Amino acid sequence: MSLTVTILGGSVAGLSVAAELSSRGASVTVIDPNGAPGAHACSWWAGGMLAPDCEGETAEEPVVRLGREAAAWWQAQGAEVAYNGSLVVALGRDRRELDRFARRTENHAIVSGGDFEALEPHLADRFDRALFMQDEAHLNPRETLLKLREELQARGVVFQTEGTPNGQVIDCTGLVAQAALPELRGVKGEMVILRAPDVTLSRPVRLLHPRFPLYIVPRGDGVFMLGATQLESGERKRATVRSVMELLNAAYALHPAFGEAELLEIGVDARPAFPDNLPRITRKNETLYVNGLFRHGYLLAPAMARMVGDYLLDGTTPEMWHEDCG
Amino acid sequence: MPVFYGTEIQSRLMLGTAQYPSPAILADAFRRSKAGIATVSVRREAGDDQAGQAFWELIKELDVALLPNTAGCHSVREAVTTAHMARELFDTKWIKLEVIGHSDTLQPDVFGLAEAARILTEDGFEVFPYCTEDLVLCDKLLNVGCEVLMPWGAPIGTGLGLNNIYGLRSLRGHFPDVPLVVDAGLGVPSQAAHAMELGYDAVLLNTAVAKAGDPAAMAEGFAKAVEAGALAYAADPMDARDMAAPSTPVLGKAFLE
């Protein structure tokens, strides 16, 4: 008997579950009133870092372990995954932050001098050393989602903007599901996209700072994504001057050539999160909910999709199963 | 136990609620710290339509007294506006008043602080001023109506501990009946114990717990240190002296060599 599912929400969580289930033989329909992935979803504003080791600095163990599945999974879906690792740096006065970061994370090497120069020539003369997280990867979130949607359409997944769900309903609507999942909250994030043709980076770079931490993800063609603030607010609009100023300041501190960059976009949205900031799969009134991916959409969606597949097709209780989401 | 504006608090530890890895870890840290008061920031989280509500609900569930703060305010006007917003949101007259005067060191603007404290006190607020250990400033804050003083140990988030022992001790000496709280700058529990040994009524900290590798364990460490320091102060510690004084008489001891 083949499985029929309807997935509500067609962004990173929904498309990942659709990809996993359709590749395992299920008949899949995705319903999203917004149509294709776009600015309505927080995964549109994501960095696209597949950086489980770095996230280990503050995230709990499952994020690191499950996140290690991500890069290979995305590549298997046809996404362009850059396996260039990532770099972590700190400015002179904050050098001790780097030691602490190294202590709190795994799978890294300290690079300096010629090794650093070979990795990121534009940074090597500004920082005397960096942490190189060699196993990490990154992707372009927007291209990845749009391409995956096309791919799924070609594979026979049906995309609708409305309609009555058939079969098992899987809700992947993020914050929209807040009414059904009262423990879910929004965590506001602001980001900036800019074009800086004078700067070349081959991998995501994190600048540690006790007050204004920053990451920069290269998107190719001189385009960079700067992220991201993290505020305990469910507000999905209104990027503030202060936040944007802090992001731009940090980028300028990373490399002064960012001062001449062209501002392309200022983005803002809120990430769906449960109180432990870990994702959950839960069932309520026969609907399966996949939610709470917080700042780890691209990093954790593959593992969550696999768990949904194992649950629906093999009856395995998902690791991130949650009995009662309130 | 400390009494702030007529309310007795069953703990000498006050904890901030920012920068934890998750609200769940924050709640764990509070449980193990047995803190009696949680400070909560409203400046950046407020947004439209009380967008920070979900997080504030989680804070309210901690079942401790809430002390909203004006963190991030750089002017009197901004601090006063934020205090009013906080009073609406949390239905409390208490406000931890921060007026930042220097964006790098986050040092309090002591002039603005005294002015904002006066305005807010006249407005019916019960002000907990985040101040320096300057005696004249503290006297001024008491004169405008503050009934609690919260001098820094060191600049916010530095973890440097008590930078001016003399100044803190002198405040205690001059204001024996005013509740005194060391606020900011603590990094490890021994520094909190030291503050209590000076006779302070409580300590307030955030980064030291929130940014520890295991926030809940660090919270418990601070709880124990605060208790130890308070016991020591109440027990009237001996004075340090240069001359060694053996606790057991040497006379009559057998010579083994």
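Just so it is clear, the model here is predicted, and its values are computed rather than measured. Lettering of chains follows the sequences in order, A, B, ..., and the numbering in each one begins at 1.
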Counting only heavy atoms closer than 4.5 Å, note whether R211(A) contacts chain B via side chain, backbone, both or neither. side chain
Region of L106(B) that comes under 4.5 Å of a non-hydrogen atom in chain A: side chain
Between Q230(A) and chain B, which part of the residue has a heavy atom less than 4.5 Å away: side chain, backbone, both or neither? neither
Are E232(A) and P23(B) side-chain neighbours, meaning at least one heavy-atom pair lies under 4.5 Å? yes
Can you measure from OG (S22(B)) to CZ (F274(A)) and round to the nearest 0.5 angstrom? 13.0 Å
Would you please name every residue forming a salt bridge (Lys or Arg N to Asp or Glu O under 4.0 Å) with E57(B), sequence neighbours left out? K60(B)
Output for pair (Y20(B) OH, T58(A) OG1), nearest 0.5 Å, gives 15.0 Å
With a 4.5 Å limit on heavy-atom distance, are the side chains of N277(A) and P21(B) in contact? no
Neighbour count >12 (heavy atoms, 6.0 Å) for atom CZ, R77(B): no
Verify the neighbour count for atom OH of Y252(A): are there more than 12 heavy atoms of other residues, nucleotides or ligands below 6.0 Å? no
Using non-hydrogen atoms and a 4.5 Å limit, figure out which bit of R96(A) sits close to chain B: side chain, backbone, both or neither. neither
Chain A shares the most heavy-atom pairs under 4.5 Å, among G72(B), A24(B), G157(B), with A24(B)
Close approach to chain B in residues 98-109 of chain A, criterion heavy atom under 4.5 Å: R100(A), R104(A)
